[in-house]
Amino acid sequence: MCLSIPAKIEKIEGETAVCSVGGSTYQASLMMLQTEELAPGDYVLIHTGFAIQKLDKEEAEASLKAFDEFKKLNEEMDREERETNQRLI
């Protein structure tokens, strides 16, 4: 399964963006986008090291919220598995 993540551009250096998501920083190539349409503070979708799509802020924040909810659900399932010593999925 392939997964792309929404990330916020912190700075742009040539055709590379330094992006942040979830407290981590990543470098993403901007070769697949029009760099003149991007600026720090914008959100992009990153896949395999490439920014593949510019996202509007609301769409990016909704995706990040969903990822956070999945993380919390996964942590809760891990806790339940440890307590019951049974695999849930």
Side-chain angles (χ1 to χ4, degrees):
M1 180 171 96
C2 297
L3 182 65
S4 55
I5 55 171
K8 184 177 182 179
I9 296 175
E10 299 297 334
K11 64 181 174 179
I12 296 174
E13 299 171 341
E15 290 191 358
T16 301
V18 176
C19 302
S20 65
V21 60
S24 298
T25 302
Y26 302 91
Q27 288 191 343
S29 171
L30 299 175
M31 292 178 62
M32 298 178 73
L33 299 176
Q34 299 293 323
T35 56
E36 62 272 4
E37 296 177 5
L38 300 169
D42 286 342
Y43 285 87
V44 290
L45 201 55
I46 299 175
H47 178 70
T48 62
F50 290 88
I52 59 173
Q53 180 182 349
K54 182 178 178 181
L55 300 173
D56 65 42
K57 183 178 179 181
E58 291 77 23
E59 183 179 10
E61 289 177 348
S63 294
L64 291 169
K65 181 179 177 187
F67 286 153
D68 191 48
E69 290 171 357
F70 282 128
K71 179 182 176 186
K72 290 177 183 173
L73 176 62
N74 193 45
E75 290 170 351
E76 180 63 26
M77 290 174 64
D78 286 346
R79 183 193 56 77
E80 187 173 337
E81 285 180 346
R82 283 191 304 274
E83 289 177 1
T84 63
N85 201 27
Q86 293 183 346
R87 186 119 175 113
L88 298 176
I89 296 177

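Residue indices begin at 1 and follow the sequence shown.
- Counting heavy-atom neighbours within 6.0 Å of Phe67 CZ, excluding the residue itself, gives a total above 12.
- Rounded to the nearest 0.5 Å, atoms CD (Glu69) and CG (Leu64) are 11.5 Å apart.
- Residues satisfying the salt bridge (charged side-chain N to carboxylate O under 4.0 Å, His left out) test with Glu83, not counting sequence neighbours, are Arg79.
- Taking Glu59 as the reference, nothing meets the side chain to side chain donor-acceptor pair (under 3.5 Å) condition, with sequence neighbours excluded.
- In terms of the side chain to side chain donor-acceptor pair (under 3.5 Å) criterion, Asn74 has no residue partners (sequence neighbours excluded).
- The salt bridge (charged side-chain N to carboxylate O under 4.0 Å, His left out) search around Asp68 returns Lys72, not counting sequence neighbours.
- Listed by first and then second residue, the side chain to side chain donor-acceptor pair (under 3.5 Å) pairs that reach into residues 33-43 come to none, sequence neighbours excluded.
- You'll find the side chain of Ile52 stays beyond 4.5 Å of the side chain of Ile46, heavy atoms only.
- The side-chain heavy atoms of Val44 and Gln53, taken from C-beta on, include no pair separated by under 4.5 Å.
- Every residue meeting the side chain to side chain contact (heavy atoms under 4.5 Å, CB included) condition with Leu88, not counting sequence neighbours, appears here in chain and number order: Met77, Glu80, Glu81.
- Remark: Lys65 pairs with no residue by the side chain to side chain donor-acceptor pair (under 3.5 Å) rule, at least two apart or across chains.
- Arg82 pairs by the salt bridge (charged side-chain N to carboxylate O under 4.0 Å, His left out) definition with nothing, not counting sequence neighbours.
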Donor-acceptor list for residues 22-32 side chains, cut-off 3.5 Å, not counting sequence neighbours:
unit_1, atom_1, unit_2, atom_2, d
Ser29, OG, Met31, N, 3.2

Under 3.5 Å, which donor-acceptor pairs do the side chains of residues 4-20 form with other protein atoms, sequence neighbours left out?
unit_1, atom_1, unit_2, atom_2, d
Glu10, OE2, Ser20, OG, 2.5
Lys11, NZ, Glu13, OE2, 3.2

